[in-house]
Amino acid sequence: MARRALITGITGQDGSYLAEHLLASGYEVWGLARGQANPRVSRMRKLLADVQVVRGDLLDQGSLISAVEKVQPDEVYNLGAISFVPMSWEQAELTAEVTGMGVLRMLEAIRVCSSRGASIRFYQASSSEMFGQVSETPQNERTSFHPRSPYGVAKAYGHFLTQNYRESYGMFAVSGILFNHESPRRGAEFVTRKVSLGVARIKLGLASELKLGNLEARRDWGFAGDYVRAMHLMLQADTPEDYVIGTGRTHSVRELVEAAFVAAGLDWEQYVVGDQSLHRPAEVDLLCADPKKARTQLGWEPTVAFEELVAMMVESDLRLLTDGGDPDQDSSWP
Ligand code: NAP
Ligand code: F7E
């Protein structure tokens with residue numbers, strides 16, 4: 001019988017790549033979808049026709065127990081979250097409820113169903129934002145946490161709780177501490193996609209400038225398609241352990257901007273405008289992963305380099321806009 005996976009956050013970037021990867025690996029894939037008439041669910045259904053949908057919300061404990069009871073998954077991937085860092089200052093309580101407490105509710109749903117005999121492996125989407133103001137570079141599984149946003153704090157709660165359920169109940173529960181990962185399916189609010197869309201609009205004469213915040217922040221950017229393979233590998237391991245996933249290379253937002261404009265044959269300095277309102281109350285200045293443990297224990301390697309990733313996103317957005325697509329409606333899912 002096919003193994004069964006339940007994914008929260010199925011309508012998001014990672015949910016789509018993970019679903020494709022698991023379907024290709026022979027899994028029966030279920031996605032937890034919220035809302036009465038969520039347009040992102042309709043879009044997901046069109047693009048991932050083989051994914052089955054179960055209704056539920058990370059804010060609603062009963063719905064998660066029902067979903068786990070209905071699907072009877074072998075593996076649960078908890079990708080659902082409020083994931084945009086600036087929003088976490090504007091809606092700090094909601095972020096704590098969804099991104100933090102949502103982990104508790106999903107772990108409880110699994111614990112209740114496991115006490116009736118089910119054996120379910122759990123993956124939690126932890127984040128490099130937990131490192132925040134970093135104590136060392138590069139960051140590994142033993143680096144201390146100093147989150148700089150309500151989002152980072154909520155993720156740290158989910159991370160420690162996952163570890164605690166592993167230790168308290170012997171659950172196969174693990175966290176992937178993933179560094180920034182991007183793709184043509186990335187939400188338009190995140191800086192890589194904002195830049196690739198901005199460049200495409202300028203190239204096609206649809207815009208004349210691109211407003212950005214802090215150009216000095218540095219991130220370890222990789223390709224989302226690579227990172228979902230790591231999630232799956234973590235749940236196939238013999239023992240439940242947490243892993244850092246990243247490329248081990250860091251670039252500034254300025255370097256990202258330069259590479260994106262170069263990919264379209266443009267000079268960024270003619271178009272980029274600084275906007276103080278886009279700076280954050282507290283910034284994460286530098287992130288750079290040490291993914292040695294994932295490489296040696298899981299055999300995981302990233303396959304897409306930074307320049308290749310940026311060019312892929314710019315080309316995809318040029319195609320999307322040339323074909324008259326609306327990035328807010330269609331994204332640029334192939
Ligand atoms: P994303 O595109 O923003 O997707 C977030 C998902 O969460 C959406 O499917 C959204 O569904 C769902 N969601 C929001 N509120 C929910 C709720 N109350 N109940 C159930 N689902 C809810 O995020 P992503 O980039 O794919 O990231 C996946 C996960 O990895 C997130 O937990 C994120 O915090 C974490 N992460 C991401 C990165 C990265 O660089 N991408 C790095 C480290 C960790 P709706 O369509 O219903 O809104
Ligand atoms: O910002 C700077 C901004 O919003 C990256 C999420 O997936 O990765 C993501 O969080 C950097 C920051 O991602 C703009 O100040 C400059 O330093 O693309 P971002 P993020 O905050 O790193 C982590 C690992 C997650 O877990 C999160 O869920 O870019 N920046 N100017 C800007 N950022 C945005 N969004 N917009 C700007 O105009």
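For reference, positions follow the sequence shown, starting with 1. Start at 1 and go down the list; that is how both ligands and their atoms are numbered.
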Under a 4.0 Å heavy-atom limit, does [X] contact ligand 1 with its side chain, its backbone, both, or neither?
{"X": "Ile82", "result": "neither"}
{"X": "Ser126", "result": "backbone"}
{"X": "Arg40", "result": "side chain"}
{"X": "Phe84", "result": "neither"}
{"X": "Asp14", "result": "both"}

*Do Arg185's NZ or CZ and the ring of Tyr17 fall within the cation-pi criteria of under 6.0 Å and 45°?*
yes

_atom 47 (O) of ligand 1: the protein heavy-atom neighbour that sits closest, reported with distance to 0.1 Å_ = Arg34 NE, 2.7 Å

*If you have a sec, work out which protein heavy atom is nearest atom 42 (C) of ligand 1 and how many Å separate them, to one decimal?*
His181 CE1, 3.3 Å

So is [X] polar-close to ligand 2, meaning N/O to N/O under 3.5 Å?
{"X": "Asn180", "value": "yes"}
{"X": "Thr192", "value": "no"}
{"X": "Phe84", "value": "no"}

*Looking only at side chains, do Gln13 and Ser183 share a donor and an acceptor under 3.5 Å apart?*
yes

Answer side chain, backbone, both or neither: which part of [X] comes under 4.0 Å from ligand 2, heavy atoms only.
{"X": "Val85", "result": "side chain"}
{"X": "Arg280", "result": "side chain"}
{"X": "Glu189", "result": "backbone"}
{"X": "Ala217", "result": "side chain"}
{"X": "Arg186", "result": "side chain"}

*Arg249, CZ atom: more than 12 neighbouring heavy atoms under 6.0 Å*: no

*Are there more than 12 heavy atoms of other residues, nucleotides or ligands under 6.0 Å from atom CD of Glu93?*
no

Ligand-residue contact atoms, ligand 1 with [X], heavy atoms, under 4.0 Å:
{"X": "Val98", "answer": "15 (N), 16 (C), 17 (C), 18 (N)"}
{"X": "Ala125", "answer": "29 (C), 30 (O), 32 (O), 35 (C)"}
{"X": "Leu178", "answer": "42 (C), 43 (C)"}

*Parallel, tilted or perpendicular: rings of His232 and His21 (30°, 60°)*: perpendicular

*Are Arg186 and ligand 1 in contact, using a heavy-atom cut-off of under 4.0 Å?*
yes

_I need the atoms of ligand 2 closer than 4.0 Å to a non-hydrogen atom of Ser128, numbered in the order shown._
24 (C)

